[in-house]
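Note that the coordinates shown come from a computational prediction; the quantities given were computed from them, not determined experimentally. Counting convention: from 1, in listed order, for ligands and their atoms alike.
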Amino acid sequence: MFIDQVHIHTKAGDGGAGCMSFRREAHVPKGGPDGGDGGHGGDVILSADRSVSSLIDYRFKHHFKAERGTHGKGSRMHGANGNDLILRVPLGTQVRHYDEETREAGELIADLTHEGEQVVVAKGGQGGRGNIHFVTPTRRAPAFAELGVPAEESWIELEMKLMADAALVGMPSVGKSSLIARMSAARPKIADYPFTTLVPNLGMVRTEEHSFVVADIPGLIEGAAEGKGLGHEFLRHIERTALILHVIDASGSYEGRDPVEDYRQINDELARYAKELIERPQIVLVNKVDIPGTDEVVARIREYVHAQALRAVGGNEYDEAFNPPQVFCVSAATGQGIDALIAATAQKVFELRVAAQELEAQDVQYGKVWELKRQERDRQFVARKLGGGVFTIEGKAVERMVIQTEWDNEEAIAFLQHRLERMGVEKALVQAGARDGDEIRILGRAFGFQVTGVYEDEA
Ligand SMILES: Nc1nc2c(ncn2[C@@H]2O[C@H](COP(=O)(O)OP(=O)(O)OP(=O)(O)O)[C@@H](O)[C@H]2O)c(=O)[nH]1
Ligand SMILES: [Mg+2]
């Protein structure tokens, strides 16, 4: 079974509470504060791993939870941090928010395409700070500590997109499955009626120098880019394949078709689906050359492929960009031309890998991008006017601070207000039109608004 989409629920660990405590010594009536911090809750992290080949592990188990942090204690004792939970997923896994109720996938969280690439899907709650942190010259004995932050939890969708190095693409029945069987140990179903292949097959091809993965994509038909037949699904699978092995049936046997016309149509479909697909390097395979009388077709195809490449560079054969695809005559039936095809494909795949690595090396942020994006989403907040002098603030980081605050403790509330001001919340409120004495609501808690800074009023 080829499993490529699952939905799972992830929950990080809650943060432990900070401790409010004072030193007790025999001869000191009231010692200084000594409450330790709560431990941080563990994160749930997805990590791309080449040795994982499918999402099958997530098919039957849907709930994943990281460890919670324990509470801080007196004598400055920290609570223990909870362990992260690392979920290994195959290369080519896309991660999205998922709404359990509407069963709809939302925003893309990450696209894990490289070995070791990671993303936090549920952030563990921060441990609350103990009262030792809140000593100031005027507040020698802080009688409050922070609560731990509850963990994030959410449903996410994981979708694995095929990560083959090369994909066999062509009309139905041109021999794609027969070719993958010849090239690798894959044993797909082969029959002489169209659409025999319904899900992509993967095969590993080993050569002395390099190994590569080839995919047998179900037959494309005209109109595939518009979602006709099974086409759209399949085009989606080759979105990230670096090399296309474009298979043509030299005998034109399926519905008595013209092989050159087939070649043109498949390229049209690729271009219609996504412009990048047609710019992708191709190797052209003219298959079934064991059938007598195919020489004329081969000659026409060579001519057409050459002419197309020439047109792309404005007819100038000496243009540096002039790079017509290689054309191989093969027979999946007799094995003719298969060794040469494998060698050429391995070489091309290797070149493309080197080029991709060079691009990655230039990108210093690579590996951190998804985490940075997550942090950015986290810090965002919006100030909204509800009317009647009431405003709300919504945003993950802001809400977390509110959750961490002990509400029956005035000092803790004053501290929260100071933090909110530093984050720019006060400024945003002024800009939204808030005035002294208005009511501000965050997560159902209400504050009286008091402007302390000086801002340009944009309201
Ligand atoms: N004579 C000859 N027949 C071939 C060759 N390659 C494939 N065939 C036959 O062509 C028919 C279709 O082959 P498949 O490999 O199933 O073709 P496909 O492109 O995978 O077809 P779909 O999965 O339906 O898109 C089968 O009957 C094969 O035996 C070849 O090189 N020579
Ligand atoms: Mg097939």
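- Of the candidates Lys288, Lys176, Arg182, Lys288 brings a heavy atom nearest to atom 8 (N) of ligand 1.
- Of the N or O atoms in Ile190, none lie within a sub-3.5 Å distance of an N or O in ligand 1.
- Residue contacts with ligand 1: Ile291 is placed with no nitrogen or oxygen under 3.5 Å of a nitrogen or oxygen of the ligand (distance criterion only).
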Next on the checklist: The test is side chain to side chain donor-acceptor pair (under 3.5 Å); show your working for Asp216 and Ser177 and say whether it passes.
Outcome noted: CA-CA 6 Å; Asp216 163 26; Ser177 298; 2.6 Å; yes

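- Between Arg272 and Glu269 there is a salt bridge, since at least one side-chain N of the basic residue sits less than 4.0 Å from a carboxylate O of the acidic one.
- The distance criterion of under 3.5 Å between nitrogen or oxygen atoms is not met by Asp216 with respect to ligand 1.
- Counting heavy atoms under 4.0 Å from ligand 1, residue Asp290 touches it through the side chain alone.
- For ligand 1, the polar-atom distance check against Ala332 finds a nitrogen or oxygen pair separated by under 3.5 Å.
- In summary, Arg88 and Asp57 do not engage in a salt bridge, as defined by a charged side-chain N under 4.0 Å from a carboxylate O.
- One finds the CG atom of Asp43 at 4.5 Å from the CG atom of Asp84 (value rounded to the nearest 0.5 Å).
- Of all the heavy atoms in Pro325 and Gln282, the pair that sits closest is CB-O, 3.3 Å.
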Checklist entry - Under the salt bridge (Lys or Arg N to Asp or Glu O under 4.0 Å) criterion, do Lys396 and Glu152 qualify, and how do the steps go? => result CA-CA 10 Å; Lys396 271 192 179 173; Glu152 279 181 5; 3.4 Å; yes

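- Here's the thing with Val174: one of its N/O atoms is less than 3.5 angstrom from an N/O atom of ligand 1.
- The backbone N or O of Arg68 sits nowhere less than 3.5 Å from a side-chain atom of Asp14 that would complete a donor-acceptor pair.
- Ligand 1 has no atom lying under 4.0 Å from any heavy atom of Gly170.
- With a 4.0 Å cut-off on non-hydrogen atoms, Thr334 does not touch ligand 1 at all.
- If you look at Asn287 next to ligand 1, the close heavy atoms, those under 4.0 Å, all belong to the side chain.
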